[in-house]
> 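Structure in structure tokens, see below.
Model, not experiment: these values are computed from the prediction.
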Amino acid sequence: MSITSIGEARHKVTTVTLAEKKSRHEPITCLTAYDYATARLVDEAGIDLILVGDSLAQVVLGYENTLPVTMGEMLHHTRAVRRAVKHGFLVADMPYASYHVSVKDAVRNATKFAKYGGAEAVKIEGGEKRIEVVNALVDAEIPVMGHIGLTPQSVHAMGGYKVQGKSLAAIEQLMRDAVALDEAGVCCLVLEGIPREVASMITAEVSTPTIGIGAGPECDGQVLVIHDLIGMTFASPAKFVRRYADVGSIIGDAIAAYKHDVVAGDYPSDAESYHLPKETASALEDVMARKRAMR
């Protein structure tokens, strides 16, 4: 069921829409989705950006971090989400090693998301060191969502999931990264796990819309992992997560109630069962009666 206002006109969100929202200071909404049902709910709620994030590695596939997820797995989930999304702008995360080895690999893999996955943009992590890749993707007519700050694919290099940009040198590097990506033509820029003050500076400096996750309210938009938002994760949430529902408990209670009813013989009931037509039931009873009489 959609919570979008009845009668409200829905228009397809594009890169132009995102730029216009920044210029008008209209907040941009973004959520992750990994399957048809969830993506449909997210899209019908009017979310602007829908990201098939490599976070599916953890929240859907059960990996410890995002590094193991493959191109095949990402494409599989992107296609499922594509079938549900009618209005939102669909972005697919480029998984680890799909753009790190060579620019040629990056373009080949990104075109798979656009051609076979139905993605309207791809997301890559990293700043100045990714400019050659960004340039090649833009030249290939593939919009790019940048991602700097806490970049989960760099978890080992960072020594864990830690807030970035806490020193003057680190702030300078983040600013250089943001400006370089902006000049390279990214359609939007994720700022993750950085101080609010730094995110505010970057947002004011670049022309591209910034999408924050753990980066404060001054960003042009916000993104959360849908499983964090609805309480479907099995670990303590990060500081920046606001949980709007406890769906995990609802599902758990429903499963427990189902098990109870089956064990107790209460499910299915007669009302939940199919029945033979009266004529067929009568004929079957005659047949069974004749068989009993022959014993």
> Is it true that Gln164 and Glu192 share a donor-acceptor pair across their side chains at a distance under 3.5 Å?
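There is no such pair between these side chains.
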> Which heavy-atom pair separates Gly231 from Asp246 by the least distance, and what is that distance?
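Closest approach of Gly231 to Asp246, heavy atoms only: O-OD1, 3.9 Å.
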> Whether the side chain of Thr38 engages the backbone of Asp35 through a donor-acceptor N/O pair (distance < 3.5 Å, no angle test) should be reported.
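Here the side-chain-to-backbone pair does not exist.
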> Does Cys219 offer a backbone N or O that forms a donor-acceptor pair with the side chain of Thr210 under 3.5 Å?
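Judged by distance alone, no pair lies under 3.5 Å.
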> For the backbone of Leu41 and the side chain of Glu44, can you confirm whether one donor and one acceptor N or O come within less than 3.5 Å of each other?
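Absent.
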> Under 3.5 Å, is there a donor-acceptor pair between the side chain of Asp177 and the main chain of Glu128?
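Checked: pair present.
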> To check you understand the geometry: which heavy-atom pair defines the closest contact between Leu49 and Ile47, and what is its length?
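Answer, listing the atom of Leu49 first, then Ile47: O-CG2, 3.2 Å.
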> What residues form a side-chain contact (heavy atoms from CB on, under 4.5 Å) with His11, not counting sequence neighbours?
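Checked His11 against side-chain contact (heavy atoms from CB on, under 4.5 Å); matches are Ala9.
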> For Phe113, check ring pair (Phe, Tyr, Trp, His ring centres under 6.0 Å) against everything at least two apart and list the hits.
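Partners of Phe113 under the ring pair (Phe, Tyr, Trp, His ring centres under 6.0 Å) test: none.
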> State which residues pass side-chain contact (heavy atoms from CB on, under 4.5 Å) with Asp48; sequence neighbours excluded, sorted by chain then number.
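Here the qualifying residues are Val13, Lys21, Ile28, Thr29.
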> Taking atom types as modelled, find out whether Ser207 and Asp182 have a side-chain donor-acceptor pair closer than 3.5 angstrom.
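Judged by distance alone, the side chains do pair up.
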> Determine, for Lys12 against Glu120, whether the closest basic-nitrogen to carboxylate-oxygen distance falls under 4.0 angstrom.
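So Lys12 pairs with Glu120 through a salt bridge.
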> Specify the closest pair of heavy atoms between Thr203 and Lys22, including all atoms of both residues, with the distance to one decimal.
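That closest heavy-atom pairing would be O-NZ, 3.0 Å.
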> Less than 3.5 Å apart, which donor and acceptor atoms pair up between the side chains of residues 91-98 and the rest of the protein, not counting sequence neighbours?
{"from": "Asp93", "atom 1": "OD1", "to": "Lys123", "atom 2": "NZ", "distance (Å)": "2.9"}
{"from": "Asp93", "atom 1": "OD2", "to": "Asp54", "atom 2": "N", "distance (Å)": "2.9"}
{"from": "Asp93", "atom 1": "OD2", "to": "Lys123", "atom 2": "NZ", "distance (Å)": "3.4"}
{"from": "Ser98", "atom 1": "OG", "to": "Pro95", "atom 2": "O", "distance (Å)": "2.6"}

> Could you tell me the separation between the CD1 atom of Ile230 and the CG atom of Asp228, rounded to the nearest 0.5 Å?
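Here the interatomic distance stands at 9.5 Å.
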> Should we count CZ of Arg79 as having more than 12 external heavy atoms under 6.0 Å?
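Count over threshold, so yes.
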> Are the side chain of Thr111 and the backbone N or O of Val107 linked by a donor-acceptor pair below 3.5 Å?
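Between the backbone of Val107 and the side chain of Thr111 there is a qualifying donor-acceptor contact (under 3.5 Å).
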> For Arg242, does the CZ atom have more than 12 heavy-atom neighbours from other residues, nucleotides or ligands under 6.0 Å away?
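No - once you tally the heavy atoms of other residues, nucleotides and ligands closer than 6.0 Å, there are 12 at most.
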> What are the two closest non-hydrogen atoms of Thr32 and Ser55, and how far apart are they?
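Looks like CG2-OG, 4.2 Å.
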> How about Lys259: does its NZ atom have over 12 heavy atoms from other parts shown lying under 6.0 Å from it?
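Open.
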> Crowded around Tyr161 OH? As in, over 12 foreign heavy atoms under 6.0 Å?
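Yes.
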> Taking atom CD1 of Ile148 and atom CG of Leu191, what is their separation to the nearest 0.5 Å?
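Nearest 0.5 Å value for the CD1-CG distance: 5.5 Å.
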> Identify each donor-acceptor pair in which a side-chain atom of residues 129-145 lies under 3.5 Å from a protein atom, sequence neighbours left out, and give them as a table.
{"from": "Arg130", "atom 1": "NE", "to": "Glu125", "atom 2": "O", "distance (Å)": "2.9"}
{"from": "Asn135", "atom 1": "ND2", "to": "Ile131", "atom 2": "O", "distance (Å)": "3.3"}

> Write down the atom of Ser269, the atom of Ser273, and the distance for their closest heavy-atom approach.
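Here Ser269 and Ser273 meet closest at O-OG, 2.9 Å.
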> Could I get the full list of side chain to side chain donor-acceptor pair (under 3.5 Å) partners for Glu197, not counting sequence neighbours?
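With sequence neighbours excluded, Glu197 shows a side chain to side chain donor-acceptor pair (under 3.5 Å) to no residue whatsoever.
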> Between Thr14 (side chain only) and Val16 (backbone N and O only), is there a donor and an acceptor less than 3.5 Å apart?
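Yes: the side chain of Thr14 pairs with the backbone of Val16.
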> Any chance you could lay out the salt bridge (Lys or Arg N to Asp or Glu O under 4.0 Å) test for Glu285 and Arg290, step after step, and finish with the verdict?
CA-CA 9 Å; Glu285 177 57 33; Arg290 287 195 296 271; over 6 Å; no
> Are there over 12 heavy-atom neighbours, none belonging to Glu205, within less than 6.0 Å of that residue's CD?
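No - once you tally the heavy atoms of other residues, nucleotides and ligands closer than 6.0 Å, there are 12 at most.
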> Ignoring hydrogens and geometry, is there a side-chain-to-backbone donor-acceptor pair from Thr66 to Ala57 under 3.5 Å?
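No; zero donor-acceptor contacts below 3.5 Å.
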> Can a donor-acceptor pair be found, under 3.5 Å and without considering hydrogens, that links the side chain of Arg82 to the backbone of Gly118?
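Checked: pair present.
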> Run the ring-centre check on Tyr34 versus His227 and record whether the distance is less than 6.0 Å.
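Here the rings of His227 and Tyr34 have centres that are less than 6.0 Å from each other.
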> Give the intermediate values and the outcome of side chain to side chain donor-acceptor pair (under 3.5 Å) for residues His25 and Asp220.
CA-CA 7 Å; His25 303 288; Asp220 297 307; 5.7 Å; no
> Can you check side chain to side chain donor-acceptor pair (under 3.5 Å) on Ser102 and Arg108, steps first, answer last?
CA-CA 10 Å; Ser102 71; Arg108 181 188 303 112; 5.9 Å; no
> Between the main-chain N or O of Ala199 and the side-chain N or O of Arg196, is there a donor-acceptor pair closer than 3.5 Å?
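No, Arg196 side chain to Ala199 backbone: no donor-acceptor pair under 3.5 Å.
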> Determine yes or no for a side-chain-to-main-chain donor-acceptor pair under 3.5 angstrom, with Asn109 supplying the side chain and Asp105 the backbone.
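It does hold such a pair.
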> Crowded around Glu272 CD? As in, over 12 foreign heavy atoms under 6.0 Å?
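Yes - once you tally the heavy atoms of other residues, nucleotides and ligands closer than 6.0 Å, there are more than 12.
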